[in-house]
Protein chains: 2
Amino acid sequence: MRQIAERASVSIGTVSHVVNGTAPVRPKLRERVLEVIRNLGFQPSALAQGLRTNRTRMIGMIIPDITNPFFPGLVRGAEDVAFKHSYRVILCNTDNDPAKESLYFNELRSYRAAGLLIIPAAGSDIASSLKPGTAGIPPVVCIDRRPDGWTGDSVVVANELGAYRATQHLIQSGHRHIAVITGPSLLANSVERLKGFRKALKEANLPLPAEFVQEAVFDTRSGFQAARRLLRMLPRPTAIFACNDLMALGVLHAIHELDLRCPEEISLVGFDDLEFCEYTSPALTSVYQPSYQLGATAANLLLERIKGRKGSPKRLVLDTELKLRNSVLPLEHSSWSVSRMPRTARKSPRKVAAAR
Amino acid sequence: MRQIAERASVSIGTVSHVVNGTAPVRPKLRERVLEVIRNLGFQPSALAQGLRTNRTRMIGMIIPDITNPFFPGLVRGAEDVAFKHSYRVILCNTDNDPAKESLYFNELRSYRAAGLLIIPAAGSDIASSLKPGTAGIPPVVCIDRRPDGWTGDSVVVANELGAYRATQHLIQSGHRHIAVITGPSLLANSVERLKGFRKALKEANLPLPAEFVQEAVFDTRSGFQAARRLLRMLPRPTAIFACNDLMALGVLHAIHELDLRCPEEISLVGFDDLEFCEYTSPALTSVYQPSYQLGATAANLLLERIKGRKGSPKRLVLDTELKLRNSVLPLEHSSWSVSRMPRTARKSPRKVAAAR
DNA sequence: CAACGCAGTGCGACCGCTTCCGTAAAACGG
DNA sequence: CCGTTTTACGGAAGCGGTCGCACTGCGTTG
């Protein structure tokens, strides 16, 4: 910058003003400075700017694992919004490890990130990190999961309602022996989905044997194992609700392995509505989560805070939507014929999927 | 920092020394300083450090789109390696837009990123940005695609060989009418795959009608459309090689839509071996790319450069592997019986998949 | 015993930029 | 034409660290 100032025979401050337009500069001078800048390929140091102004245009985003197909869309939503406001996103994977999470948290603090977007790890303790009103903590908004004791902004999904409706669909299709594969019990959204599942069963006066509730860890492998346990039970459940699609994939795998047929012998509904749901065999009925919106709204919320909004925290809840495909079989002895899907609809189910 | 120095009655420089261990400090003093730091929750400003030392621990990563399932694994590989060396990754999506790419490039330069990991956009011009030996350009390594005129470090995949082997597999299965759906023709890896495909056909003296080469843009939708065109031709190809799995998914969709059967009426092989390949119907035969390794080795290469390795650029090429599943049908009239898959193998194809 | 070396510490310049303040020149009003 | 306001610019003080250098004791050495 000094170099530029010298070559253009102006002061260093003036250069700053022409770059940022923070003060009027005579056109002639301005042009001279601009010319020199073009020649030298000057790129202002965001570090120095950040240091001086004590604010940066970086947003830290802490997520469990970008490799889990649920997250990329969410990240993208956040990044797109951030980008539009010329903020940049720095991405951190915690592997659901609270230690790694708080490490990243401090790291981002040291970069003086303008704000933080966090999908808390299972058993996260970031709520406590924020507690003592420590100075110099940037605004934070939690996404998808709300850790214990978190009182700040958050945007989540109506997990309980989504699971409730999914289970209801199973019941309305005539199923009476319905099992569930849940996620880790420390994860709020996992707990909520189970709650919704239980609620639907209870309302329909259906029993839920303890062994029909299998806990897994939200990945394909553990879903596969849980399904194996379930499918060997007698009586076997006629339907399974998997609390996310990755586990549902594992269930599908287990069904094939045991030479069962889906949906003829066992119905299945997942949660997340990942893209591959349309292409599995059979196409997977699943609860759609607006993951892109989740990220985008969270980013918007954060930007508001960054720009100085005070006031009580917002707790946004986004709605889900059950996407009907081919993995649920309406049972003939159903007493719910009213709400049963007509047979013709099952014959060209692609249209349902395509309508998404 | 000044605050700490005061409370511990030492100089500001000494605080720096105990934090970084850059000079011996008497245990008693050190402990006193550490105590104060713990109380105040001090977090050194990475900005100030970066400014003073002129180096940061950030690595910029520029990719087309995290939403494309090929990339998360790659990003993860890079991030894991970076993390181990206490570098952090800033993620940027270009949407294959060269303008956005160079915008991000400059942005990252202004953050004084220690190095850059770039998956060039189609038609990328970053090679030219690096040309004039402009000062203050951090080390860069290109991943997955090598833009025109790029002479720096890079790590890519043996696209041509992978496509060649995939096509060979189709030919050995008895197919004579094989079509291909390629990616954008400006993308190096897309071109290479087509080249491998052509090579295999030529070696087997098989004709390739011009209309059997359909260009799409590496996503499901365009793959679907290309497949539709292909499947309506007469004579219809008996096999399709899709240059990536997303497009293969589109092909599967088109096959179902036209009430054809895969693999009985039309065989299919993809490229990438994304995770969903095992779960589509039928399970998709695909060319595995070591995406995690791609990211990890690129990060290692970059770190070497950051740590000062001089010398000529490395051009690493990682190998692919054809994963056999159920989307390819051996034709009975095959004259390649030697290399044909035995029927029994087709009956329990899950084992092939499981062996992955 | 004087000279010397070295571990331990304080001091202050500086990294590149923003921004406040002061001032000279220009514009303005009477 | 002169005083006053406005405008455009230069000067310089930091932002929060790092690091070279100077200084101070104290143990070693000739």
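We name chains A, B, ... by the order of the sequence lines, and we start the count at 1 in each one. Being a predicted model, the structure only gives us computed values, none of them experimental.
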Notebook entry, point to check: C:dG10 C1' sits how many Å from B:R30 CZ, rounded?
Noted result: 17 Å
Next item on the list: Check the distance between C:dC17's C1' and B:L47's CG and give it to me in whole angstrom.
Entry: 11 Å
Item checked: B:N54 CG - C:dG16 P separation (whole Å) -> 7 Å
Next item on the list: Using chain B heavy atoms and a threshold of under 4.0 Å, write down where along DNA chain D the contacts begin and end, 5' to 3'.
Entry: D:dG16 to D:dC19
Notebook entry, point to check: Does a side-chain N-to-carboxylate-O contact under 4.0 Å join B:K310 and B:E304?
Noted result: no
Check: Once you round it to whole Å, what is the distance between P of C:dG10 and CG of B:L29?
Finding: 7 Å
Check: Quick one: A:R55 CZ to C:dC17 P, roughly how many Å, whole number?
Finding: 16 Å
Next item on the list: Kindly point out which of C:dG16, C:dA13, C:dT9 is positioned nearest to the side chain of B:R52?
Entry: C:dA13
Check: So does A:D95 pair up with B:R76, basic N to acidic O under 4.0 Å?
Finding: yes
Notebook entry, point to check: Does B:S11 make a side-chain N or O approach to OP1 or OP2 of C:dG10 shorter than 4.0 Å?
Noted result: yes
Next item on the list: Quickly work out the B:R32 CZ to C:dT9 C1' distance and round it to whole Å.
Entry: 12 Å
Checklist line | Comparing A:G13 and A:A23 on DNA chain D - which has the more 5′ nearest nucleotide | finding: A:A23
Notebook entry, point to check: With sequence neighbours left out, what residues match B:F83 under ring pair (Phe, Tyr, Trp, His ring centres under 6.0 Å)?
Noted result: A:Y104
Margin query: Taking the basic N atoms (NZ, or NE/NH1/NH2) and the acidic carboxylate oxygens, is any pair closer than 4.0 Å for A:R32 and A:E35?
Written below: no
Check: In terms of side-chain geometry, is the basic nitrogen of A:E107 or B:R57 positioned less than 4.0 Å from the acidic oxygen of its partner?
Finding: no
Notebook entry, point to check: Could you give the CD1-to-P distance, from A:I12 to C:dT18, as a whole number of Å?
Noted result: 10 Å
Next item on the list: Can you figure out which of C:dG16, C:dT19, C:dG12 approaches the side chain of A:S16 most closely?
Entry: C:dT19
